[in-house]
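Single-structure report; data block below.
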There are 2 protein chains.
Amino acid sequence: MILRIQHDGPVPIYEQIVAQVVYRVAAGAAAPGTNIPSIRDTAKQVLVNPNTVARAYQELERQGVVVARRGMGMEVAPDAVARCRELRLDLVRQRLETALREAVASGLSLPDIRRLVDEALVAINHRPRTKEKN
Amino acid sequence: MILRIQHDGPVPIYEQIVAQVVYRVAAGAAAPGTNIPSIRDTAKQVLVNPNTVARAYQELERQGVVVARRGMGMEVAPDAVARCRELRLDLVRQRLETALREAVASGLSLPDIRRLVDEALVAINHRPRTKEKN
DNA sequence: TACAGTGTATTAGCATGCTAGAACAGTATC
DNA sequence: GATACTGTTCTAGCATGCTAATACACTGTA
């Protein structure tokens, strides 16, 4: 499981790790019962302090995506796929709603907003900076 | 011109002020040649330090929305309406694109994403927390 | 000129929150 | 038991950036 992390930018590294793991599990890239990479391995891969990865993994455990067992690594939870699908939906829904709420508040008309959405979608598909590859 | 400011939350006050003024001007609520409320008046209305308002107003001047004249207040620029329409479009476009890019990266299908957008839009129109009122 | 309004500039405080360092604790394997 | 891997905890540093305090500079009006 290779993670792509933006070391600059406003979104914290641990959050990026959480999101990417959730997306991978939701896509079936990490099966329940298998282990995700250890904290230290991921830390090396991402070039970041193990604590930062640990924080991400703790969040994942809190959400029921993985279960931690000392000395044995962290295992993908049995019902992780369903959970991650739900988490993914919630996360994306929340982001979209925030952006759309701003769009409405700006005074733009509904047709204008829909047009912007369509344009953005084709733009993203034309030059995808991150197009899911499991 | 009454501004609605969220004192808590992640988005800085000065940014909220900038956005709201831009939206108002774009909607034609403040005509070119007229003055926007003074820094201190707005500061009182919004219950915030004048410096915070000043920072917002400076940004507005930098963007060519208003012109400042010492002792005389800040006047809406002649071509402010067109500028603000453009600024509004850019701002909303940028936010939408960020959210949609995340949606695509999450692995959700395009139909799923479109469905989420539609659902969010009806939800917003059902319980609008900020529906433009000039 | 005095005054009361305007915007401007500088500085400092402060909260927030991410990240790192380092030591601790459990488990498997040899 | 020794070792090498796991996750855990505590503490502190540190950057970031928003906000506030305060003093300054300009303009119109009485």
Side-chain angles (χ1 to χ4, degrees), chain A residues 1 3-21 25 30 32-77 80 91, chain B residues 1 3-21 25 30 32-77 80 91:
Chain A
M1 171 148 42
L3 303 179
R4 299 182 177 280
I5 296 299
Q6 301 267 352
H7 282 76
D8 44 359
V11 39
I13 294 174
Y14 85 95
E15 242 179 66
Q16 299 182 49
I17 296 173
V18 170
Q20 292 203 23
V21 172
V25 174
T34 65
N35 271 14
I36 61 176
S38 80
I39 288 180
R40 287 171 177 81
D41 279 355
T42 301
K44 275 177 198 153
Q45 192 248 301
V46 179
L47 296 178
V48 86
N49 190 283
N51 270 321
T52 304
V53 181
R55 176 165 181 185
Y57 280 15
Q58 280 166 10
E59 178 65 15
L60 287 169
E61 184 177 32
R62 207 186 60 78
Q63 306 252 357
V65 175
V66 296
V67 292
R69 282 188 296 199
R70 286 192 149 179
M72 302 177 64
M74 305 190 79
E75 187 177 314
V76 178
L91 203 153
Chain B
M1 171 148 42
L3 304 178
R4 299 182 177 280
I5 296 298
Q6 300 268 351
H7 282 77
D8 46 358
V11 39
I13 294 174
Y14 85 94
E15 243 179 66
Q16 299 182 49
I17 295 174
V18 170
Q20 292 202 24
V21 172
V25 174
T34 65
N35 271 13
I36 61 176
S38 79
I39 288 180
R40 287 170 177 81
D41 279 355
T42 302
K44 274 177 197 153
Q45 191 248 302
V46 178
L47 297 177
V48 85
N49 191 282
N51 270 320
T52 304
V53 182
R55 177 165 180 185
Y57 281 14
Q58 280 168 9
E59 177 65 16
L60 286 169
E61 184 177 33
R62 207 185 61 78
Q63 306 254 355
V65 175
V66 297
V67 292
R69 282 189 296 200
R70 286 191 149 180
M72 304 177 63
M74 305 189 78
E75 187 178 311
V76 178
L91 203 154

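In what follows, chains carry the letters A, B, and so on, assigned in the order in which the sequence lines appear, proteins first and then strands, with residues in each chain numbered from 1.
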To the nearest angstrom, how far is [X] atom [atom1] from [N] atom [atom2]?
X      : N       : atom1 : atom2 : answer
K44(A) : dC5(D)  : NZ    : C1'   : 10 Å
R70(A) : dG26(C) : CZ    : P     : 6 Å
D8(A)  : dT19(C) : CG    : P     : 12 Å

Could you pull out the closest heavy-atom pair between [X] and [Y], with the gap in Å?
X      : Y      : value
R4(B)  : Q16(B) : O-OE1, 4.2 Å
T42(A) : P37(A) : OG1-CB, 3.4 Å
G73(A) : N35(A) : CA-ND2, 4.0 Å

Using the side-chain contact (heavy atoms from CB on, under 4.5 Å) criterion, which residues pair with [X]? Sequence neighbours excluded.
X      : answer
T52(B) : I13(B), Y14(B), V48(B), N49(B)
E59(A) : V18(A), R62(A), Q63(A)
A77(A) : D79(A), A80(A)
V66(B) : I36(B), L60(B), E61(B), M74(B)

task: Give, ordered by number, those residues of residues 59-69 of chain A having at least one heavy-atom distance below 4.0 Å to an atom of DNA chain C; if nothing qualifies, reply none.
output: none
- request: Any salt bridge (Lys or Arg N to Asp or Glu O under 4.0 Å) involving residues 35-51 of chain B? Give me the pairs, sequence neighbours left out, ordered by first then second residue.
  value: none
task: Please list all pairs passing the salt bridge (Lys or Arg N to Asp or Glu O under 4.0 Å) test where one or both residues lie in residues 7-19 of chain A, with sequence neighbours left out.
output: none
Enumerate the protein-to-nucleotides 1-3 of chain D contacts in which both atoms are nitrogen or oxygen and the separation is below 3.5 Å.
none

query: side-chain contact (heavy atoms from CB on, under 4.5 Å) between Q6(B) and V11(B): does it pass, once the steps are laid out?
result: CA-CA 8 Å; Q6(B) 300 268 351; V11(B) 39; 5.7 Å; no
- prompt: Does Q20(B) reach the side chain of I5(B), with side-chain heavy atoms less than 4.5 Å apart?
  reply: yes
message: Taking salt bridge (Lys or Arg N to Asp or Glu O under 4.0 Å) as the definition, give me every residue that meets it alongside R69(A), ordered by chain and number, with sequence neighbours left out.
response: E75(A)
task: Heavy atoms under 4.0 Å is the rule here; annotate nucleotides 10-20 of chain D 5' to 3' with B where the base is hit, S where only the sugar-phosphate is, and - elsewhere.
output: B-------SBB
- prompt: Going by heavy atoms closer than 4.0 Å, what residues in residues 34-43 of chain A are next to DNA chain D?
  reply: S38(A), I39(A), R40(A), D41(A)
Terminal helix-axis angle for the helix from dT1(C)-dA30(D) to dC30(C)-dG1(D), with five pairs defining each axis and rounding to 10 degrees: 10°
- request: Return the nearest nucleotide to the side chain of Q58(A); candidates are dT27(C), dG28(D), dT9(D).
  value: dT9(D)
